[in-house]
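Step one of this worksheet: look at the structure below.
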Amino acid sequence: MFAGTDLVGIQCPYCGEPIDLVVDCSVESQHYIEDCQVCCQPIEVSVSVDVSGDAQVDVRGQDET
């Protein structure tokens, strides 16, 4: 793993499979799309990094409002 990154386990909002995301903790707030490694559906990923450098990750499907 590279310095400043975390491996975060999430559950795909489409297929429910557990997958791992590599999160860049040097950026305080991020929002991006990443395809599920299992079902290839687009997942909206929101990341916020707290003052201690821990990443908080929220994911949802693009069809969720």
Side-chain angles (χ1 to χ4, degrees):
M1 191 74 53
F2 296 105
T5 62
D6 274 345
L7 188 63
V8 178
I10 64 151
Q11 187 173 22
C12 175
Y14 295 99
C15 68
E17 290 293 320
I19 59 173
D20 292 325
L21 300 178
V22 177
V23 176
D24 181 357
C25 294
S26 68
V27 180
E28 188 176 301
S29 179
Q30 306 168 57
H31 185 81
Y32 59 94
I33 306 293
E34 182 152 335
D35 290 342
C36 174
Q37 300 155 2
V38 178
C39 70
C40 299
Q41 293 293 319
I43 302 169
E44 289 189 33
V45 180
S46 295
V47 180
S48 59
V49 179
D50 63 22
V51 293
S52 60
D54 295 323
Q56 304 299 316
V57 178
D58 181 48
V59 296
R60 65 182 189 159
Q62 287 190 315
D63 57 351
E64 296 178 35
T65 55

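When reading the values below, keep in mind they use all heavy atoms of this one structure, side chains included, and skip hydrogens, waters and symmetry mates.
Side-chain atoms of Asp24 come within 3.5 Å of backbone atoms of Ser26 as a donor-acceptor pair (strictly under, hydrogens ignored). At distances below 3.5 Å, at least one donor-acceptor pair connects side-chain atoms of Tyr14 with backbone N or O atoms of Pro42. Within the 3.5 Å criterion, the main-chain N or O of Cys36 finds no donor-acceptor partner in the side chain of Glu17. Between the side chain of Gln11 and the backbone N or O of Gly16 there is at least one donor-acceptor pair closer than 3.5 Å.
Contact check for Val23 versus Val57: side-chain heavy atoms found under the 4.5 Å cut-off. Looking only at side-chain heavy atoms (C-beta outward), Cys12 and Ile43 come within less than 4.5 Å of each other. Counting only heavy atoms from C-beta outward, the side chains of Leu21 and Glu34 approach each other to under 4.5 Å.
Nearest approach of Asp20 to Gly9, heavy atoms of both residues: OD1-CA, 3.5 Å. For Asp6 against Gly53, the heavy-atom pair with the smallest separation is OD2-O, 4.2 Å.
Here the straight-line distance linking atom OG of Ser48 with atom CG of Asp58 works out to 9.0 Å at 0.5 Å rounding. Atoms CD and SG, on Gln37 and Cys15 in that order, are 10.0 Å from each other to the nearest 0.5 Å.
With sequence neighbours excluded, the residues forming a salt bridge (charged side-chain N to carboxylate O under 4.0 Å, His left out) with Glu44 are Arg60, listed by chain and number.
Connection of Val45 to Val38 is established within a shared hydrophobic cluster, with ILVMFWY side chains joined at heavy-atom distances below 4.5 Å, either directly or through further cluster members. Residues Tyr32 and Val27 are members of separate hydrophobic clusters, defined by side-chain heavy-atom contacts under 4.5 angstrom among Ile, Leu, Val, Met, Phe, Trp and Tyr.
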Show the numbers, then the answer: is there a side chain to side chain contact (heavy atoms under 4.5 Å, CB included) between Ile10 and Ile19? CA-CA 6 Å; Ile10 64 151; Ile19 59 173; 3.5 Å; yes
